[in-house]
Structures are given as structure tokens and as C-alpha cells.
Number of protein chains: 2
Amino acid sequence: MITIKEIAKLANASSSTVSRFLNDSGYVSDEARKRIEKVIRETGYIPSEHAKSLRTKQTKVIGVIVPRLSTDTSSRLVNAINDELAEHGYQIILANTNLSPAKEIENLKLLRSRQVDGIILLATNVNEELIREIRQLPIPLVALGQEIPGISFIVNDDYGAAKDMTELLITRGHKKIAFIGVPEQDRAVGYFRKKGFMDALQEKSISICNEWMAEANFDLSSGYEAMKTILQRTAQKPTAVFAVTDSIAIGAMHYLMEIECHIPKDMAVVGTGNSRVSQYIKPSLTTVDFSNEDMGRKAAKLLLHHIKETNGEPKKITMTYSIIKRDSV
Amino acid sequence: MITIKEIAKLANASSSTVSRFLNDSGYVSDEARKRIEKVIRETGYIPSEHAKSLRTKQTKVIGVIVPRLSTDTSSRLVNAINDELAEHGYQIILANTNLSPAKEIENLKLLRSRQVDGIILLATNVNEELIREIRQLPIPLVALGQEIPGISFIVNDDYGAAKDMTELLITRGHKKIAFIGVPEQDRAVGYFRKKGFMDALQEKSISICNEWMAEANFDLSSGYEAMKTILQRTAQKPTAVFAVTDSIAIGAMHYLMEIECHIPKDMAVVGTGNSRVSQYIKPSLTTVDFSNEDMGRKAAKLLLHHIKETNGEPKKITMTYSIIKRDSV
DNA sequence: TTGTAAGCGTTATCAC
DNA sequence: GTGATAACGCTTACAA
């Protein structure tokens with residue numbers, strides 16, 4: 001590898017002069033400038049970022065931790081984060097937890113060892129150990145999707161969205177509404193969306209039937225099973241179903257179609273998240289859009305802010321959402 | 001930041017001993033081992049990868065260049081690449097070109113400056129300059145999706161898949177088949193898929209009607225427009241349409257539905273790529289699956305191989321595909 | 001079995 | 001304006 005020293009020698013200058021030239025710091029005479037420029041062009045010299053970071057303690061790299069990359073939400077977020085960061089000369093180093101909480105912590109360490117300037121964590125399960133690790137992190141971190149006390153985070157208005165969506169269903173005349181959720185460990189999706197749903201019913205004095213409540217994981221097939229469970233165990237069928245994710249909703253729709261239950265005539269279905277599929281399925285799915293694109297860019301900006309102002313107070317941002325009305329209701 | 005020297009001091013050892021302990025290289029007495037272990041645990045010491053790479057010339061980081069992250073293909077590939085590399089202790093640094101050829105080259109330089117151990121390039125437009133840049137890269141690179149002479153690449157059997165799919169259409173009795181392609185600069189998708197289509201027709205002595213050929217870009221809406229163009233300019237309507245990507249196919253379907261042309265009765269539609277949506281739309285789309293997952297893992301393995309055997313000959317791998325028969329035919 | 005010291009490629013300080 | 005030189009945190013001969 002060609003180094004700054006060799007460039008210096010070839011250009012008849014010292015490495016300090018070359019460095020000054022490269023970083024636009026301090027004086028370099030026009031003549032020296034020309035010579036150095038020429039040598040660099042001819043040799044195709046590329047400075048080593050490692051040596052640079054070792055000195056400057058700055059890497060211009062941001063770590064991004066995601067549960068899985070191959071979901072709509074993750075890929076949209078990462079894309080947006082990357083776009084925004086690239087504009088500021090930063091790059092992304094990816095860490096995938098494959099949904100394992102242990103790996104979340106491991107990745108935190110890994111990224112730290114790479115001296116990333118900051119971390120964006122797309123959180124799923126927030127546990128004590130994770131919070132402890134984050135707290136003692138010497139670099140800024142922004143969490144996405146889940147509230148983490150004491151640190152900056154950006155979340156969706158899961159509660160509001162679920163409540164609004166449920167109210168939409170009620171407005172359309174539904175009183176018997178089923179619910180397919182996920183475990184409440186996932187505060188955002190499991191707890192808040194459920195709470196929004198329940199509160200909406202409560203406020204309208206509509207009773208909640210336990211037989212109509214089921215729990216799925218994030219898979220399409222689990223949505224299918226949950227819908228099946230609900231319909232098989234109850235005599236009195238609901239007329240609508242609220243699913244906390246689009247995948248679950250689509251799974252549920254598959255079961256409904258299988259038993260020839262017409263959507264939305266016999267059963268209205270709503271999802272959450274506005275996945276790319278949701279608009280192409282038949283009937284197209286009524287869902288809520290969380291503008292991941294916007295969230296990603298905001299996360300990047302917030303992180304950059306924290307990198308500049310190391311003493312900045314933690315910020316809490318709640319994103320807005322919009323209900324997308326389609327044909328499944 | 002706490003350094004190896006401080007650990008050494010606290011553990012009453014020298015930094016070399018600590019280093020030996022850390023890397024399991026050379027002798028460390030049990031006693032020293034215990035002391036060091038304790039200090040590291042207590043201090044939460046994490047070695048600096050930068051200093052390490054500066055010395056060892058190894059970063060355990062792989063650069064991955066993608067055109068866009070938010071497409072099915074990219075996100076699946078990156079996910080698979082990441083999984084495979086993570087198993088070998090490597091991490092990924094992402095570079096997004098946002099479809100700009102200039103950025104492809106720029107990113108190559110950027111990654112080089114980060115001294116990545118290797119690069120995986122999800123190529124779209126292969127031009128002279130890009131090839132030149134790649135050739136003079138001092139680190140191994142594996143290209144995905146496009147053939148690049150002289151370097152290792154993994155491609156889909158675009159030609160075979162298109163031909164097979166067209167033959168399927170012919171087998172089903174279609175003789176008037178329309179085609180929606182993309183510009184041929186994209187050799188894989190634009191040129192080879194078109195060639196496969198044409199050759200299949202030629203072999204069965206089926207005439208190709210220019211009025212039924214249209215060009216789209218990769219957007220859904222361009223598929224819609226292309227379908228419209230074809231049907232509006234021809235008196236004699238085709239009975240089937242081959243689209244070189246699923247997005248284009250879905251766009252075409254949207255137009256067909258709009259004019260109440262029944263799929264597949266009035267018009268059969270096939271796509272390419274097996275996007276996630278393709279199975280959920282109605283009617284579900286007949287398409288070809290390229291097993292991106294497998295391709296990603298293979299790419300990672302191949303790159304790792306080149307990193308080990310720097311003198312390895314360039315390898316050319318062609319992936320197999322499978323036709324997914326669904327309801328749109 | 002352990003420690004010393006040189007060196008990786010930069011930048012920053014300071015003297016010229 | 002420029003150039004020695006030390007330092008960043010680590011590994012690795014080599015000496016002890």
C-alpha cells in the first residue's frame with residue numbers, strides 16, 4: 001500500500017505538508033500543492049482511514065443494528081438512514097441481530113470496538129441488560145421503535161394509531177371486533193397497539209370479548225393460525241379484525257379466503273405498517289402508514305446532532321402516522 | 001478510552017502479554033491470565049479495531065455496494081451475505097449507489113480507504129471505467145448479477161429463465177405473446193432476458209411482433225404504461241405478456257384490470273424475480289425464483305475464498321432458477 | 001513465560 | 001510556508 005510518506009517523497013515535500021494539503025488545514029504553497037496533486041493523481045493514493053481514525057478518534061462511520069434486514073420496515077429505515085448520513089460524509093456499518101436479544105448486546109460491543117462515531121438501534125426487546133449496556137456507551141446512540149428511558153429515541157405513535165384505526169372500524173358500524181396482537185414484551189407493537197385498541201372500545205362502551213383476542217408472532221402464518229383459532233373457538237363471530245402488523249393481517253386474510261368469508265362484507269380486516277404488499281393484495285389492505293422514510297432520516301439527523309453536541313439532552317420524538325383507507329374495510 | 005497499556009499496568013503485566021492473552025497467541029501463565037481477565041472484566045476494556053487493523057492489515061470488514069437497499073432483491077441478498085459473513089466473524093459496511101454509476105466508483109474508493117478485506121458489488125450498469133477501477137483494486141471483489149470479464153461473478157441464468165418461461169407460455173397454447181423489457185445496458189435483465197424470450201419464440205417458429213414489444217424502466221408505473229402502449233397501438237391483441245421483472249408485471253396487471261381484461265382468461269401475465277408481493281396479489285403471479293438467499297451466501301463464501309487464496313483464479317458461477325407457477329397464467 | 005521496542009499510516013505540535 | 005517528531009493503540013520479533 002502506498003502511504004503518505006511515499007507521496008511526500010515523490011512530491012519533494014514532507015508528510016506534514018501532504019497532510020495539510022489533503023485536509024485543507026494550514027498553509028501549502030501553490031507550487032507544493034501542484035506537485036502533490038500530481039503525484040496523488042498518478043499514484044492513485046488513497047489515505048488509510050484506520051490510521052486517520054487512530055489519530056483523530058473520528059471514524060465517520062455509524063453503526064446500525066437491525067433485527068432483520070429483510071423486512072419492509074428495516075430496509076426502508078436503513079435506506080433512509082444511509083441516504084441522510086451519506087450526505088454528511090458518513091457510512092454505515094450494519095449489524096444484524098436476527099431477532100436475538102443476546103446479539104443486540106454483542107453487536108453493541110462489536111461496533112464499539114470499531115470505534116463508530118454513533119449507533120442507531122432498531123430495538124425490539126428492551127431489557128435491563130441492554131439498557132445498562134447502552135447507558136455506559138461512550139458514544140451517542142439513538143433508538144428507533146421503542147422507548148428507552150434516559151436516551152434519545154424516536155418512536156411511532158403506536159397507541160394513537162391503533163386507537164384511531166379501531167375508531168375507524170367503530171365508525172363503520174363494527175361492534176364485534178377481533179384483535180390479533182403479539183407478545184407485550186414488545187412494548188411498541190405488543191403493548192401500546194393493544195392498549196390503543198382496548199381504549200378505543202372502552203371509550204365507546206363496546207365490550208371486549210376475550211375469545212376474540214389472539215396472539216401471533218410476526219409471521220404471516222401465525223396470523224393465519226390466530227384467525228383460525230378465533231373463528232373456531234367462538235360461536236358469535238366478530239365482524240372485523242384488527243391486526244397489529246400487515247403480515248398478520250395478510251395471514252388472517254388468507255384464512256378468511258380459505259373458508260370463503262368475504263372481505264370486507266363478512267369480515268373487515270385492518271393491518272398496521274403499510275407494507276409494500278398491502279396495496280397490491282386483493283382486497284387492498286386498510287392500514288396505517290408510519291412513514292419509515294421520515295423516521296430514518298430523523299434518526300440520522302438526531303444522531304448527528306448528538307455527535308456534534310456531546311452534552312445534548314436526550315430527545316424523545318414521536319412520529320405521526322396516517323391511516324390509509326383501502327378496500328379491506 | 002482505555003488502552004491495552006493501562007490494562008497491562010493494572011494487571012501487572014506488559015502489553016504484549018495482554019495482547020497474547022487477547023489473541024490466544026503465545027504463552028501466558030495461568031496466573032497472569034487470571035489477573036488480566038479480571039482487569040478486563042472490571043474495566044470493560046474493548047480493544048481498538050483500528051489500531052489492530054493498522055498493524056495487521058486485516059479489518060474483518062467487507063464492503064457491500066448495492067444500487068438501492070429498499071428492493072426485495074437487494075435486501076434479501078444483503079441479508080444473506082451478512083448472515084454468512086457474520087458466521088465467519090466479518091461485518092458489513094454498506095454503500096448505496098442510489099442507481100448512480102458515478103457513485104459506484106466513488107464507493108469503491110471509499111471502501112478502499114476503509115481498508116475493507118473485500119467487496120461485494122451488486123452491479124447494474126457495467127461500464128468501462130467501472131471495470132478499470134475494479135481491475136486495479138488491491139483487494140478481492142465479487143460481482144453479483146452481471147458478468148464482468150476477468151473477475152469473479154455470480155449471475156442468474158437470465159437467459160435460461162426467460163426462455164423457459166416463454167416456453168411455458170407457448171406450451172399453454174399462447175402464440176401471441178407481448179414482451180415488456182428494460183434497456184439493454186442492463187445486460188442481465190435488459191439483454192439476456194430479452195434474448196431468452198426471442199430465442200424461445202424463434203425455436204418454435206412463432207413470429208415476433210414489434211408492436212407487442214415495449215420498454216419500461218424498473219418501476220411499477222412504467223409497467224402500467226408499457227402495457228397500455230402495447231394494447232393501444234395494436235389492433236391484434238396478444239394473449240399473454242412476459243415482463244422482465246415482477247414490478248413491471250404487476251404494473252401491467254393494474255392496467256389490465258383497469259380495462260377489465262381478465263387475467264389469465266383474456267391475458268396471461270408472467271413476471272420474473274419472485275418478489276414477496278408476487279404471491280399475495282390476485283391473481284397470484286407466475287414468476288421465476290432466482291433464490292437470492294442462496295446467491296448471497298455463495299457470494300460471501302466466494303469472497304472469503306478469495307481473501308484466503310489471493311492468487312485464486314476468477315470464478316464464474318451461474319445460479320439455477322425455478323419457475324413458480326401460479327394463477328396469472 | 002514475559003517484557004522491550006519497533007512499526008503500522010496518519011495528524012498535530014512546534015521549531016525553523 | 002515547511003518539516004521533524006511524537007503520538008494514537010495495537011501486534012510481533014526478539015531478547016531476557
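All chains are named by letter (A, B, ...) in the order of the sequence lines, taking the proteins before the strands, and each is independently numbered beginning at 1. What you see below is based on every heavy atom in this structure, not just the backbone, and it leaves out hydrogens, waters and symmetry mates.
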Rounding to 10°, can you tell me the angle the first-five-pair axis of the helix from dT1(C)-dA16(D) to dC16(C)-dG1(D) makes with its last-five-pair axis?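 Terminal axis comparison yields 40°.
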Enumerate the ring-ring contact (aromatic ring centres under 6.0 Å, His included) contacts for residues 133-156 of chain A, please, sequence neighbours excluded, ordered by first and then second residue.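 Qualifying pairs: none.
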I need the full list of ring-ring contact (aromatic ring centres under 6.0 Å, His included) pairs touching residues 30-51 of chain A, with sequence neighbours left out, sorted by first then second residue. H50(A)-H50(B)
What residue pairs, at least two apart or across chains, pass side chain to side chain donor-acceptor pair (under 3.5 Å) with a residue in residues 75-90 of chain A? R76(A)-N292(A), N79(A)-S70(B), N79(A)-N96(B), D83(A)-N98(B), E84(A)-R297(A), E87(A)-R297(A)
Spell out protein contact along nucleotides 6-16 of chain C as letters: B when the base is contacted, S when just the sugar-phosphate is, - when no protein heavy atom is under 4.0 Å; keep the 5' to 3' order. BBBBBBB----
Identify, with sequence neighbours excluded, every residue that meets side-chain hydrogen bond (donor to acceptor under 3.5 Å, both in side chains) alongside [X].
{"X": "S15(A)", "answer": "none"}
{"X": "T97(B)", "answer": "none"}
{"X": "N125(B)", "answer": "none"}
{"X": "T71(B)", "answer": "S74(B)"}

Need two values: the first and the last nucleotide of DNA chain D, 5' to 3', having an atom under 4.0 Å from any heavy-atom of chain A. dG1(D) to dG9(D)
Sub-4.0 Å heavy-atom contacts from residues 106-113 of chain B onto DNA chain D, ordered by number: none
Across all chains, not counting sequence neighbours, the salt bridge (Lys or Arg N to Asp or Glu O under 4.0 Å) partners of E104(B) are none
Is it the case that over 12 heavy atoms from other parts of the model lie below 6.0 angstrom from the NZ atom of K34(B)?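 Counting other residues, nucleotides and ligands, NZ of K34(B) stays at 12 neighbours or fewer.
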